[in-house]
Structures are given as C-alpha cells and as structure tokens.
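The block underneath contains the structure these notes are about, expressed in structure tokens.
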Amino acid sequence: MFKEFLDLGRHPIANAFIDEGDFKDEFLFDLKVCWDEETKLVSIKEFVEPERIFNEDYPYNTSNSFPMIEHFRNTAEMLKMKFKPRKVLEIGSNSGPFIENFNKEDSLCVEPCGNFAEVTENMGYKTHVDFWTTDLAEKIVKEDGYMDLIYAANCICHIHDLDDTFKAVKNILKPNGVFVFEDPSLLRILERGSYDQIYDEHPHIFSVTALDNLLRRNGLQIFKVDNLSVHGGSNRIYACHFDGITIGDSVKFNLNEESVFGINNFQTYEIFAERVANSKKKLVKLLKDLKSDGKKIMSIGATAKSTTVFNYCGIDNSLIDVITDTTIDKQGKCSPGMHIPIVAREDINILDYDYVYLGAWNFKDVIATKEKEFVENGGKFITHVPDVMVFS
Ligand code: DWN
C-alpha cells in the first residue's frame with residue numbers, strides 16, 4: 001500500500017530553465033511523495049513523462065562540475081582494478097566523464113538526451129539514444145553481446161519502472177558480471193532534511209532496504225554498498241546475479257543502519273514532513289527579514305534542488321535577485337517556476353551582494369574556496385541543509 005507523507009505543492013520541471021516569453025505555457029504538476037509499505041520504496045506520486053524531461057534540451061552537464069569529473073575518473077579506475085571488465089555499458093552516460101576512461105571498442109552508452117548522446121558518439125563510443133528498457137537490452141545483446149560491467153550514476157532513480165529496469169540489467173549481464181549504480185541516499189536525505197532531492201527527475205529516492213527488495217524480486221542481489229559524499233550523500237550499490245557471490249558486511253551494516261533510523265516505519269516519514277514544513281517557514285522568514293533590512297541576496301548554482309526549494313517556499317526575485325551558474329545553457333534563462341534570472345558568475349560583482357544562498361550546497365566547500373574574496377569582505381552564505389543557517 002502506498003502511503004502519502006509529503007505535499008510540496010505545484011512544481012515545474014526542475015531542469016526546464018525558461019525564457020521570459022514562455023512563462024505562460026510552463027508545465028506544472030503536483031509534487032507529492034509516498035512510501036510503499038511492501039517494498040519500503042519512497043516515490044513521487046505523480047510521474048512526469050520522461051520525454052518531457054530527458055530530451056535534446058536537457059541542460060545538466062556533469063562535466064560542468066569539476067569535482068564530478070574527478071569522481072568519475074576515480075570510480076572508473078577503481079572498477080577497472082577490482083573487476084577487470086572487458087565489455088562495459090553505461091546507462092545515462094551524459095557528457096561521458098565515466099565512459100571516457102574505458103576503451104571505445106568494448107564500451108557502449110545509453111543516453112536518451114540527444115544533445116549528450118551526440119557528445120559520446122563524437123568521442124567514438126557507440127551510443128543508443130534511448131531509454132533503458134528490456135527491449136533495448138535485447139537489442140544490445142543481439143548487436144554487441146553480454147556485458148561484464150553495467151554502470152549508472154544518478155540515473156536508475158530517474159526511471160519509473162524499476163522492475164523492467166532490473167530485468168533488463170539481468171538479461172544482459174554475464175554470469176559473473178557486475179551491476180554498479182549510485183544515487184542519492186534516502187537515509188542521508190532524511191538525516192539532513194535535504195527534501196530538495198525530490199523533484200520530477202527523481203521519481204524514486206532509494207534506501208538500500210528498498211533496493212534489496214526490488215533487486216531480489218528481479219533475480220539480482222546486492223553484495224556491497226559504498227557510502228559516498230557526492231550529491232550530499234549517495235550510495236554506490238554493487239549487484240550481481242542471485243547467488244553469484246558472498247554478501248559483504250557493508251550490506252548488513254547499511255540495512256541495519258537504515259532499520260535503526262526507522263526506514264521501515266511510516267512515522268519516520270511523518271516526522272520528516274514536519275521538519276520540511278519548519279525548514280520552509282525558517283528560510284522564508286530569514287530571507288524576508290534580510291530583505292527588509294535592505295540586504296542584497298543572490299544564489300550560486302541553478303540546481304534542480306533549488307527549483308524544489310524555491311517553488312515549495314515561494315521564493316522569487318523579490319527575495320533572491322539573481323542566480324549564477326557555470327552552465328552556459330542555463331545562463332540568460334530564468335529558474336523554473338519562480339523565474340529568477342540566471343547569469344554567468346563573471347556577469348555580476350559578488351561584492352555587491354551581502355548574502356549568497358547555496359543552490360548547490362553539495363559543493364559548499366568548492367564554492368567557499370572560489371569565493372574567498374566575498375567572505376573576506378564580510379559576505380555570508382545561507383543554506384537550509386541540515387538546518388536553515390547563515391555562515392561565513
Ligand atoms: O541526478 C541529478 C544530478 C546528478 O544532477 C539530476 N537529476 C540533476 C542534477 O541535479 P542538480 O542540478 O541539483 O545537481 P548539482 O550537481 O548540484 O548542480 C550543480 C550546479 O551548480 C551545476 O549547474 C553547476 C553549478 N555550479 C556553479 O555554478 N558553480 C557548480 C559549482 C561547483 C560551482 O562552483
């Protein structure tokens with residue numbers, strides 16, 4: 001049974017950065033969140049058609065965040081050392097920072113966003129411009145055979161039909177093959193109050209507990225879990241064919257940690273919903289108080305996460321003047337729903353602002369280091385994770 005615990009109101013597509021002339025046609029949907037009593041999976045209630053989100057205009061480019069390029073290079077090196085894979089498939093390859101570490105002859109990409117599929121194709125990797133399904137897996141097996149390693153980062157939680165997704169993986173994975181995927185961790189989201197990981201692109205938020213249930217029912221098993229710091233806390237899941245390998249201590253540790261936290265109790269989600277409502281009240285009050293004191297506030301990082309915060313809290317450009325982002329395709333547009341202008345960092349003088357809201361709070365240290373001059377001149381940062389606060 002699906003039990004609803006959180007209503008975040010009407011939302012736009014989190015990454016649909018918009019031109020001024022298009023405001024009146026903006027697509028909105030109800031962002032509500034529920035918990036499945038049977039599998040323990042947390043999902044949004046109303047799914048948005050994937051074609052509306054992942055198409056040739058998709059703007060999120062992994063390669064625009066330098067720490068992520070390093071993350072994928074290190075991950076690829078570690079997987080090569082550990083599993084020595086020959087045939088490698090990446091699902092949701094974006095601009096290619098992971099796959100570029102593997103040889104072109106034996107590696108394949110799947111990417112539904114045409115703009116990014118073109119990038120990996122031009123790099124020399126065979127790329128299927130398609131969504132990951134059992135039909136596509138069947139086609140790949142016929143053309144290129146079975147895979148030693150299937151990798152996906154911040155992609156599996158984007159797919160609505162998880163049974164089909166895991167079946168497709170099982171059908172194409174060699175008997176000793178490994179399926180490795182990483183996505184934001186539900187436990188870290190609940191601990192840190194980072195409700196902004198919930199938006200159209202994340203129809204599911206994964207706990208190890210729910211994944212263990214879902215993978216098992218599709219003939220796969222988790223044998224290892226790495227807890228990562230990226231994206232505010234993610235889990236890297238290692239899975240293989242059922243009965244393929246001994247289950248490691250990291251799996252038991254994570255299942256136990258989640259159980260102790262209360263992942264299996266609906267009350268945990270009701271408490272989280274109260275925390276989210278309080279976070280909204282505090283953030284809106286803080287911004288309004290600062291504005292009435294005549295302070296100037298900007299934001300760094302036009303993230304999908306900040307789309308959730310701004311729309312849920314009703315934060316528009318009466319509270320935040322401008323957002324800067326390093327992504328060229330986001331610059332010159334406005335933020336989805338709340339229509340705050342987005343510009344390049346070079347286009348503003350940060351010293352004109354008193355406060356910077358961290359839309360990309362997951363890159364807090366990188367941003368604080370880059371903006372040393374702002375801090376030295378008395379500038380302060382605002383975040384809502386883990387609590388609404390001001391710091392310098
Ligand atoms: O799964 C997803 C993850 C991986 O990325 C997607 N569903 C969508 C997206 O989520 P996000 O937009 O919340 O991701 P990030 O990685 O937090 O986005 C950071 C944004 O901030 C990028 O647009 C780049 C920008 N940025 C910046 O302007 N200055 C980043 C850094 C480090 C900076 O210094």
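Note that these values count all heavy atoms, side chains included, but never hydrogens, waters or copies made by symmetry. Order of appearance sets the numbers: ligands from 1, and atoms from 1 within every ligand. Index from 1, following the sequence.
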Please name all residues satisfying salt bridge (charged side-chain N to carboxylate O under 4.0 Å, His left out) with K224, sequence neighbours left out, ordered by chain then number. D226
Geometric cation-pi criterion R216 and F242, 6.0 Å radius, 45° cone: no
Y312 six-ring centre to K280 NZ/CZ under 6.0 Å and within 45° of normal: yes
Ring pair (Phe, Tyr, Trp, His ring centres under 6.0 Å) against F17, all qualifying residues, sequence neighbours excluded: none
Could you please provide the protein residues found below 4.0 Å of ligand 1 on a heavy-atom basis, arranged by chain and number? N15, Y58, Y60, S65, N154, H158, Y199, E201, H202, H231, G301, T303, A304, K305, T324, D325, T326, T327, K330, A360, N362, F363, I367, K370
Under the ring pair (Phe, Tyr, Trp, His ring centres under 6.0 Å) rule, what do F29 and F47 come out as? Steps first, then yes or no, please. CA-CA 9 Å; F29 72 104; F47 292 159; over 10 Å; no
Restricting to salt bridge (charged side-chain N to carboxylate O under 4.0 Å, His left out), what partner residues turn up for K291, sequence neighbours left out? D321
